[in-house]
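I have placed the structure first, in the form of structure tokens, so that the comments after it can refer back to it.
In what follows, every chain begins at residue 1, and chains take the letters A, B, ... in the order their sequences are listed. Side-chain atoms are counted along with the backbone in the values below, which use heavy atoms only and exclude waters and symmetry mates.
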Amino acid sequence: MPELPEVETIRRDLEKTIIHKKIVKVKIYLPQLIKIPEVNQFIIRLQGNDIEEVRRRGKYLLFFLNTDDYFVIHLGMSGQLSYQYQSSELPEKKGKHDHVFLLFEDGSQLIYNDVRKFGKMWLLSKEREMPAIELLGLDPFGLDFSFEKFFNILRKSHRNIKSLMMNQRKIAGIGNIYANEILFIAGIRPLRKASSLTKKEAERVFLSIKDVLSSAIQLRGTTMVDKSYRDLDGNWGKYEKELLVYGKRKGKCPYCGQSLKMIRIENRSTFYCCACQK
DNA sequence: AAAGTAACCTGCCCGC
DNA sequence: TGCGGGCAGGTTACTT
């Protein structure tokens, strides 16, 4: 589910709520979620420590502790974090898909909920970068995300532009919804070979990436009708109203009125207008 | 070696 | 009303 704008929205909210709070208790009901280290070690190294900083890399959230450790969450397709301000001592009111509870000193708690269980968590020493994160490509909001670098990535690629944009090793954070929207606004067909884009076309894609992602962050992400994405307070993102093509089966192009095409690229639904996208 | 497919999961929607 | 198939915002491992 969550792509860069949703993860960034959650990160910003976490920054306002859990920073400098001491974790007094950790409860894990789904051990398979924890990839590194063993569940018991994971709990022991979290309990009694403060979260000092929350960062984002691509779709990963990184929580830096006051110790030598940091922990990492990837929300997968359906992972959600929610923050409960007032709560009882023990997090015993467990919903069906609540898998992890972090109880803070002030009685508030952070709950990880995940219907499909594709999410993952790690706890690592700060000296060690997580392999999956090390392999990530440029972050669209990183200082090093320049047009020159972007254009070079396109030129070296042998793949279509949509697959390239969704390849986390090239550009980190773009998923299926935003890839569709970005290409529509840039006027580029998703199946165009990335290396075939002219400099002007690449510039349009580059600018659309920044535009679409920052507008989506502004509106706190996209919650589709299935309502699976929520922010820390349980509220929906409001970018769905802005979507121009994604999810619009039998829809019309908002620019020219022609029927939108729906194809599959790497088994993901892909929407575009064959008149407006070249 | 790139590209396709299956796997990991649950829930919802649709057609029969 | 029920059942089967397809689909969902992601990633990885395995197969062609």
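Closest to the side chain of Tyr246(A), out of dG9(C), dC9(B), dT12(C), is dG9(C). For Met77(A), taking side-chain heavy atoms from C-beta onward, the closest of the listed nucleotides dT10(B), dG9(C), dC7(C) is dG9(C). Residue Lys59(A) places its side chain closer to dT11(C) than to any other of dG9(C), dT11(C), dC9(B). Of the candidate nucleotides dG9(C), dT12(C), dC9(B), dG9(C) has the atom lying nearest to any side-chain atom of Asn176(A). Nearest to the side chain of Arg116(A), among dA8(C), dT12(C), dG9(C), sits dA8(C).
Put simply, CE on Met165(A) is 12 Å from P on dG10(C), counting in whole angstrom units. Across the protein-nucleic acid pair, Ile177(A) atom CD1 and dG9(C) atom C1' stand 5 Å apart, rounded to whole Å. In this structure, the CG atom of Asn267(A) is 8 Å from the P atom of dC7(C), given to the nearest Å. At whole-Å resolution of the value, CG in Asp114(A) and P in dG11(B) are 12 Å apart. Here dG11(B) presents its P atom at 4 Å from NZ of Lys96(A), a figure rounded to the nearest Å. Between the CG atom of Leu75(A) and the P atom of dT11(C) there is a distance of 10 Å, rounded to whole Å. Taking atom CD of residue Gln32(A) and atom P of nucleotide dT10(B), one finds them 9 Å apart after rounding to whole Å. Atom NZ of Lys193(A) is separated from atom P of dA3(B) by 9 Å (rounded to the nearest Å).
When every heavy atom of Tyr112(A) is checked against every heavy atom of Gly79(A), the shortest pair comes out as OH-CA, 3.5 Å.
The partner of dC9(B) cannot be assigned: no Watson-Crick or G-U wobble pair with both contacts below 3.5 Å exists in any strand.
Note on Glu266(A): nothing from the nucleic acid sits closer than 4.0 angstrom, heavy atoms only. Across all strands shown, Arg264(A) has heavy atoms under 4.0 Å from sugar-phosphate atoms exclusively, and none from any base.
The side chain of Arg249(A) places an N or O atom within less than 4.0 Å of a non-bridging phosphate oxygen (OP1 or OP2) of dA8(C). A sub-4.0 Å separation between OP1 or OP2 of dC9(B) and a side-chain N or O of His97(A) is absent. OP1 and OP2 of dG10(C) both lie 4.0 Å or more from every side-chain N or O belonging to Gln168(A). In this model, the phosphate group of dG10(C) is approached by a side-chain N or O of Arg268(A) to a distance below 4.0 Å at OP1 or OP2. For the pair Lys120(A) and dT11(C), the criterion of a side-chain N or O lying under 4.0 Å from OP1 or OP2 is not met.
A distance of about 12 Å separates the P atoms of dA6(B) and dG6(C), rounded to the whole Å. Nucleotides dT11(C) and dG11(B), compared at atom P, are 22 Å apart to the nearest Å.
Both geometric conditions, a ring-centre gap below 5.5 Å and a plane tilt below 30°, are not fulfilled together for Tyr229(A) over the base of dG9(C). An aromatic stack links Phe118(A) and the base of dC8(B), using centre distance under 5.5 Å and interplanar angle under 30°.
Interface remark: the Ser228(A) side chain does form a donor-acceptor pair with the dG9(C) base, using a distance-only criterion of under 3.5 Å.
Counting heavy atoms from C-beta outward, Met165(A) and Val205(A) have side chains that approach closer than 4.5 Å.
Counted by atom type alone, Asp231(A) and Thr9(A) present zero donor-acceptor pairs between their side chains at under 3.5 Å. Between the side chains of Ser196(A) and Arg192(A), a donor-acceptor pair is found at a separation under 3.5 Å. For the 3.5 Å distance criterion, the side chains of Lys162(A) and Thr270(A) qualify, holding a donor opposite an acceptor.
Between Tyr60(A) and His74(A), the ring centre distance stays below 6.0 Å.
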